[in-house]
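These notes concern the structure reproduced below.
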Amino acid sequence: MGSFEFSQSNQIFKNRDVLREDYTPEELVGRDEELSEYHSALQPVINNELPSNIFLYGKSGVGKTAATRFLLDRLQEAAQSIPDLDLHAVRVNCDGLNTSYQVAVTIINRLRGPEDQIPMTGYPQSKVYQFLWNELDQYGTILIILDEVDHVNDDSLLYQIPRARDNGYVNSAKVGLVGISNDLSYREGLSAKVQSSLCETEVYFPPYDAGELRKVLEQRTQVAFHDDALSEDVIPLCAAYGAKDSGDARQAINLLLEAGDIARNENAPQVTKTHVEQAKRKLESDQITTGVSKLTEHARLTLYALTTFAADGETPVTSPTVRERYLALCNSSGIDPLSHRQMQSHLSELKMMGVITGRERNLGRRGGKKVLYGLNYDLGLIAETLAETIDEVGVHRSIQSFVKNHSER
DNA sequence: TTTCCACAGGAAGGTACGGTCT
DNA sequence: AGACCGTACCTTCCTGTGGAAA
């Protein structure tokens, strides 16, 4: 047993918070062009004119949200000194919000005090919109920023907000809409009516290349780490991983943060390449764990079924094969199995998440089109994330050696 | 060239649940 | 209490797919 005293260990980090996601740096590195386009799109706000609607797109972690926070801060600051300008901004992250209805409710609740929040169901849609217009109309200029709009499955709110004034739903308020999307094809899927209003101004954020990522990391490192806390190859390695994973700065910064944490826990004098590699594995396994924990019971059962084949070295397998095992698992534990179709969509969802792999294959007239499924991650890791389900359903023969620790407890 | 297998996945509609309104 | 509302998750039915076999 070690001692449990806390002591400040300052060998590695000077200011760890700088690497956290909510931090907005003083300067945004490598996004000059995008910032200036975005900046001029916001200019009407300062002139107290009707704001234009803006659509930002580009893959995740390329600075869309950071640029928004950055410019919004400056906009608010500038607005302070303009007497007639009553500027407000609501930023909503649409991750987890599937419909316009839910987004509208979220905006309303953001604008209202904690006493009169409204629930996510119950009201007719038109009523919720009425609430929304009433809230909006209490402001002079209000910017609605919808981050990750591509998670919303319908157009309705995107269509309504830009027209709220024309339709007389709001009278005094000047409402501006900023849509941010990670999905490059999202824009094409929008109806023409929405495209023409939402996409008045578009700003595309390209992925960072390895060189830009390096500059971003170096900028943060100067503030976050003590001098010489990083060995030489750490930044290039993080940048290379980031560039490979679609130029995602947030991911690269996370990697650096995690590597720093690992080094600090080890009381190592320096962050090294090895720490980065450990961090990479840790982040990957975290991603799987959180992904799997959000799945429904039957999706986990489906994954369990596939896992048993992987444990016996029988992967890849087709979905009817998985289904047999799935039915057996359900049967032995008294759970009602789902239909063929539903189990299949669980499989394809797992594939989308990247937890499992699916290779398409076609045997022609002798077998048609098939997908061969296998695990995309270490078997032990997946068995661990499924622990709860396995406890409930029982340990299958094939995975006994992987869950030993569990059954002994 | 045409046929056709065996599944993938789209579409539409159902049901249980948590909510509001009168 | 009972009509009405939105949502998650489900079932049923159906069309799409692509290449080996005929």
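A, B, ... follow the sequence lines: proteins, then strands. Residue 1 opens every chain. All heavy atoms count here, side chains included; hydrogens, waters and symmetry mates do not.
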* Between Asp22(A) and Arg69(A), is there a salt bridge with N-O shorter than 4.0 Å? -> no
Tell me whether the OP1 or OP2 atom of [N] has a side-chain N or O from [X] closer than 4.0 Å.
{"X": "Thr318(A)", "N": "dA6(B)", "value": "no"}
{"X": "Gln102(A)", "N": "dA8(C)", "value": "yes"}
{"X": "Asn98(A)", "N": "dA8(C)", "value": "yes"}
{"X": "His346(A)", "N": "dC10(C)", "value": "yes"}
{"X": "Lys370(A)", "N": "dA6(B)", "value": "no"}
{"X": "Ser339(A)", "N": "dT11(C)", "value": "yes"}
{"X": "Tyr123(A)", "N": "dC21(B)", "value": "yes"}

* Answer with yes or no after comparing the ring centroid distance for Tyr57(A) and Phe205(A) against a 6.0 Å cut-off, counting only values under it. => no
* To do: Please confirm whether Tyr129(A) and Tyr169(A) have ring centers closer than 6.0 angstrom.
  => no
Would you mind reading off the distance between [X] atom [atom1] and [N] atom [atom2], rounded to a whole angstrom?
{"X": "Leu295(A)", "N": "dC9(C)", "atom1": "CG", "atom2": "P", "value": "10 Å"}
{"X": "Gln342(A)", "N": "dG14(B)", "atom1": "CD", "atom2": "C1'", "value": "13 Å"}
{"X": "Glu360(A)", "N": "dG18(C)", "atom1": "CD", "atom2": "C1'", "value": "9 Å"}
{"X": "Ile118(A)", "N": "dG18(B)", "atom1": "CD1", "atom2": "P", "value": "19 Å"}
{"X": "Arg366(A)", "N": "dA21(C)", "atom1": "CZ", "atom2": "C1'", "value": "9 Å"}
{"X": "Asn153(A)", "N": "dA8(C)", "atom1": "CG", "atom2": "C1'", "value": "12 Å"}
{"X": "Ile108(A)", "N": "dG6(C)", "atom1": "CD1", "atom2": "P", "value": "13 Å"}
{"X": "Lys369(A)", "N": "dG16(C)", "atom1": "NZ", "atom2": "P", "value": "12 Å"}

* Which one, dG6(C), dC7(B), dG9(B), comes nearest to the side chain of Ser319(A)? -> dC7(B)
* Structure fact -> Winner on side-chain proximity to Lys351(A), out of dT20(B), dG9(B), dT17(C), is dG9(B)
* Hey, mind stepping through Ser231(A) and Asp233(A) against side chain to side chain donor-acceptor pair (under 3.5 Å) and telling me if it holds? -> CA-CA 6 Å; Ser231(A) 80; Asp233(A) 42 11; 2.7 Å; yes
Hey, does [X] reach any base, or is it just sugar-phosphate, or nothing, if we go heavy atoms under 4.0 Å?
{"X": "Thr296(A)", "result": "sugar-phosphate"}
{"X": "Leu338(A)", "result": "sugar-phosphate"}
{"X": "Arg341(A)", "result": "base"}

Going from [atom1] on [X] to [atom2] on [Y], what distance comes out if it is rounded to the nearest 0.5 angstrom?
{"X": "Arg31(A)", "Y": "Ser36(A)", "atom1": "CZ", "atom2": "OG", "value": "12.5 Å"}
{"X": "Leu230(A)", "Y": "Glu218(A)", "atom1": "CG", "atom2": "CD", "value": "10.0 Å"}
{"X": "Leu97(A)", "Y": "Leu146(A)", "atom1": "CG", "atom2": "CG", "value": "9.5 Å"}

* Which residues in residues 124-134 of chain A have at least one heavy atom lying under 4.0 Å from any atom of DNA chain C? -> Pro124(A), Gln125(A)
* Within the modelled atom types, does a donor on one side and an acceptor on the other bring the side chain of Arg361(A) and the base of dG18(C) under 3.5 Å apart? ->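 By the distance-only test, no, there is no pair.
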* Asked: Do Arg365(A) and dT3(B) have a side chain to base donor-acceptor pair shorter than 3.5 Å?
  -> yes
* To do: Apply side chain to side chain contact (heavy atoms under 4.5 Å, CB included) to Leu338(A) and Leu301(A), showing your working.
  => CA-CA 10 Å; Leu338(A) 297 180; Leu301(A) 269 174; over 6 Å; no
* Position toward the 5' end of DNA chain C (nearest nucleotide), Met343(A) or Gly364(A) ->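 Of the two residues, Met343(A) wins.
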* Asked: Mapping Gly96(A) and Gly122(A) onto DNA chain C by nearest heavy atom, which one lands closer to the 5' end?
  ->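 Between the two, 5'-proximity favours Gly122(A).
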* Does Arg325(A) count as lying over the ring of Phe309(A), i.e. NZ or CZ under 6.0 Å from the six-ring centre, within 45 degrees of the axis? ->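 Ring-cation test returns yes.
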